[in-house]
Amino acid sequence: MTEIKAKNYSIFVSSDICNNINRFLKANKKGYSKIFILVDENSLLHCYPPLVEKIDAFKDAEIFEIESGEENKTIEVCIQLWGALSEYKADRNALFVNLGGGVIADLGGFVATTFKRGIDFINIPTTLLAQVDASVGGKLGVDLNNIKNEVGIYNNPASVFINSDFINTLHIRQIQSGFAEIIKHALIADKNYWLKLSSTDFSETDFLDDLIVTSINIKNKIVLEDPNEKNIRKVLNFGHTIGHALETFSLESNSQISLLHGEAVAIGMICESFLSHKICKLSKDELKEITEFIFRNFKPVIIDKMDSHRLIEIMKHDKKNEKGDFNFSLLSAIGTCEINKKVSPELIIDSLSYYSKETKHFKL
Ligand SMILES: NC(=O)c1ccc[n+]([C@@H]2O[C@H](COP(=O)([O-])OP(=O)(O)OC[C@H]3O[C@@H](n4cnc5c(N)ncnc54)[C@H](O)[C@@H]3O)[C@@H](O)[C@H]2O)c1
Ligand SMILES: [Zn+2]
């Protein structure tokens with residue numbers, strides 16, 4: 001069992017999280033008046049049963065089930081959940097449990113934080129992405145009109161409980177999606193971690209716990225230094241400026257591309273490594289190393305010229321752009337990231353062309 005100290009809460013990574021959760025519940029002296037567990041159909045099916053078997057307090061909990069998928073990370077779903085909490089007469093001493101992936105964590109945390117101006121919530125992340133990324137940093141919220149995370153707030157859970165066994169029932173694409181964030185953590189902060197990733201078999205489960213802990217530690221250290229993203233925290237946006245635009249694009253109804261968050265970030269990391277090479281000292285060799293490694297783990301995606309121009313339009317909505325140029329976090333080397341790098345739209349188009357050209361060498 002590993003305990004990571006985040007801002008004012010702990011993240012437990014353990015094969016016996018039931019024990020940690022029971023201890024957490026016992027430590028709350030006044031006791032929670034009622035427990036509400038937010039799930040989607042997949043976390044209800046795969047993750048709830050082993051927990052309720054060993055956590056007595058969960059037997060009397062109310063289960064709120066929402067439909068899975070990013071398209072449900074909306075204010076309309078929040079309204080339903082606030083209504084349900086009201087109906088069940090939840091008071092300020094209620095506990096909200098987010099059992100699921102990043103959608104459940106972002107939306108459930110937002111609902112709990114805003115209901116009666118805030119009730120306690122804990123996260124039990126059940127996807128690799130939610131474990132290594134959404135488990136730390138306090139970003140909560142929902143999408144609006146297909147714009148990701150347009151409405152939200154910062155707040156931390158009372159605790160986070162991670163069991164990597166939950167990954168076993170995940171679809172392979174979902175595992176890869178989480179792996180993208182792990183790659184990002186190595187690229188922005190830790191060359192040795194990168195070397196380890198490139199040389200170890202990802203399917204070994206012992207190794208997986210190690211990856212989760214290392215990744216959370218990297219993100220946690222950055223977030224503790226700059227909780228409100230004024231400064232150094234922006235390094236976590238590496239791969240995400242273009243990645244987010246791709247993700248938004250893939251949510252648009254006429255888009256031919258379907259991308260999960262991490263899949264979009266993987267493409268974003270190749271494009272932004274190209275930008276890093278052009279304007280931020282990343283060597284040609286390291287650009288090649290990153291490109292090859294990502295293509296070994298992610299299927300190439302066709303992005304045509306029309307898509308590129310639409311992506312620039314989407315990026316203009318992004319809060320990170322300034323006066324026509326776009327603001328990026330870029331690598332000066334593997335393991336070192338610099339913030340506030342200005343990039344022109346033309347160079348972004350070039351980076352997408354670089355990605356497209358490289359796909360030809362890496363057909364799976
Ligand atoms: N707050 C943050 O810091 C932060 C960081 C990264 C991502 N996010 C957000 O997280 C979301 C993406 O997270 P995600 O990839 O976990 O998506 P998700 O929550 O949609 O989960 C992906 C799919 O896996 C299913 N699932 C969950 N656990 C499972 C399990 N153990 N076995 C089988 N299926 C399971 C879900 O039902 C869903 O179909 C995005 O909305 C993103 O914006 C937030
Ligand atoms: Zn991300």
Side-chain angles (χ1 to χ4, degrees), residues 6 11 38-51 65-74 77 98-110 113 121 123-144 146-157 160 162-185 187-188 215-216 219-220 222-223 227 229 233 235-244 246-248 250-251 259-269 272 329:
I11 301 167
L38 181 65
V39 292
D40 63 24
E41 71 280 7
N42 296 314
S43 63
L44 180 63
L45 176 69
H46 299 295
C47 312
Y48 174 71
L51 295 178
E65 182 186 344
I66 62 170
E67 239 177 88
S68 65
E70 183 73 28
E71 60 279 17
N72 297 304
K73 202 173 116 177
T74 61
V77 173
N98 296 314
L99 176 63
V103 167
I104 294 282
D106 280 14
L107 181 138
F110 181 67
T113 298
F121 67 97
N123 286 347
I124 310 175
T126 62
T127 64
L128 186 58
L129 183 78
Q131 296 185 344
V132 297
D133 199 1
S135 60
V136 61
K139 286 188 180 177
L140 310 171
V142 292
D143 306 336
L144 191 71
N146 282 345
I147 303 173
K148 292 262 309 165
N149 305 323
E150 185 77 335
V151 177
I153 193 165
Y154 284 100
N155 192 24
N156 286 312
V160 177
I162 294 175
N163 183 347
S164 60
D165 289 347
F166 285 141
I167 305 305
N168 296 337
T169 50
L170 274 185
H171 191 280
I172 178 72
R173 279 184 69 193
Q174 300 289 352
I175 299 180
Q176 285 170 328
S177 183
F179 192 46
E181 300 291 350
I182 289 175
I183 296 171
K184 180 193 78 179
H185 291 142
L187 285 175
I188 61 172
S215 265
I216 294 175
K219 181 166 181 189
N220 188 38
I222 293 167
V223 166
E229 207 169 308
R233 183 168 176 169
V235 298
L236 292 166
N237 292 330
F238 174 68
H240 281 64
T241 310
I242 292 175
H244 264 156
L246 280 160
E247 199 181 0
T248 301
S250 87
L251 289 171
L259 288 173
L260 299 175
H261 178 74
E263 292 172 332
V265 169
I267 301 171
M269 286 194 289
E272 294 183 24
S329 302

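Counting starts at 1 for both ligands and their atoms, following the listed order.
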Which atoms of ligand 1 have any heavy atom of Lys219 under 4.0 Å away? 3 (O)
Provide the number and element of each atom of ligand 1 under 4.0 Å from a heavy atom of Thr169. 30 (C), 31 (N), 32 (N), 33 (C)
Of the backbone atoms (N, CA, C, O) and the side-chain heavy atoms from C-beta on, which set of His171 has a member under 4.0 Å from an atom of ligand 1: side chain, backbone, both, or neither? neither
Have a look at ligand 1 and work out which part of Cys47, if any, has a heavy atom under 4.0 Å from it: side chain, backbone, both or neither. side chain
Within ligand 1, which atoms have a heavy atom of Asp40 less than 4.0 Å away? 36 (C), 37 (O)
To check your reading of the model: name the closest protein heavy atom to atom 12 (C) of ligand 1, its residue, and the distance in Å. Leu129 CD2, 3.4 Å
Test of understanding: given a 4.0 Å heavy-atom threshold, classify the contact between Lys73 and ligand 1 as side chain, backbone, both, or neither. side chain
Could you find the nearest protein heavy atom to atom 29 (C) of ligand 1 and give me its residue, atom name and distance? Leu170 CD2, 3.5 Å
Just to be sure I read this right, does ligand 1 sit under 4.0 Å from the backbone of Asp143, its side chain, both, or neither, counting only heavy atoms? neither
Glu67 contact mode with ligand 1 (heavy-atom cut-off under 4.0 Å): neither
Atoms in ligand 1 with a heavy atom of Asn149 nearer than 4.0 Å: 43 (O)
Say whether Lys139, considering both its backbone and side-chain N or O atoms, lies within less than 3.5 Å of an N or O atom on ligand 1. yes
Only heavy atoms of Ala134, strictly under 4.0 Å: list the atoms of ligand 1 that pass. 2 (C), 3 (O), 4 (C), 5 (C), 44 (C)
Using a 4.0 Å cutoff against the non-hydrogen atoms of Lys148, which atoms of ligand 1 qualify? 40 (C), 41 (O), 42 (C), 43 (O)
Please name the atom of Glu181, limited to N, O or S, that comes nearest to the Zn ion (ligand 2). OE2
Suppose the criterion is salt bridge (Lys or Arg N to Asp or Glu O under 4.0 Å): which pairs have a residue in residues 126-139, not counting sequence neighbours? Asp133-Lys219, Lys139-Glu229
In terms of atom number and element, which parts of ligand 1 are under 4.0 angstrom from non-hydrogen atoms of Ser68? 37 (O), 39 (O)
Who's the nearest protein heavy-atom neighbour of atom 28 (N) of ligand 1, and how far? Thr126 OG1, 2.7 Å
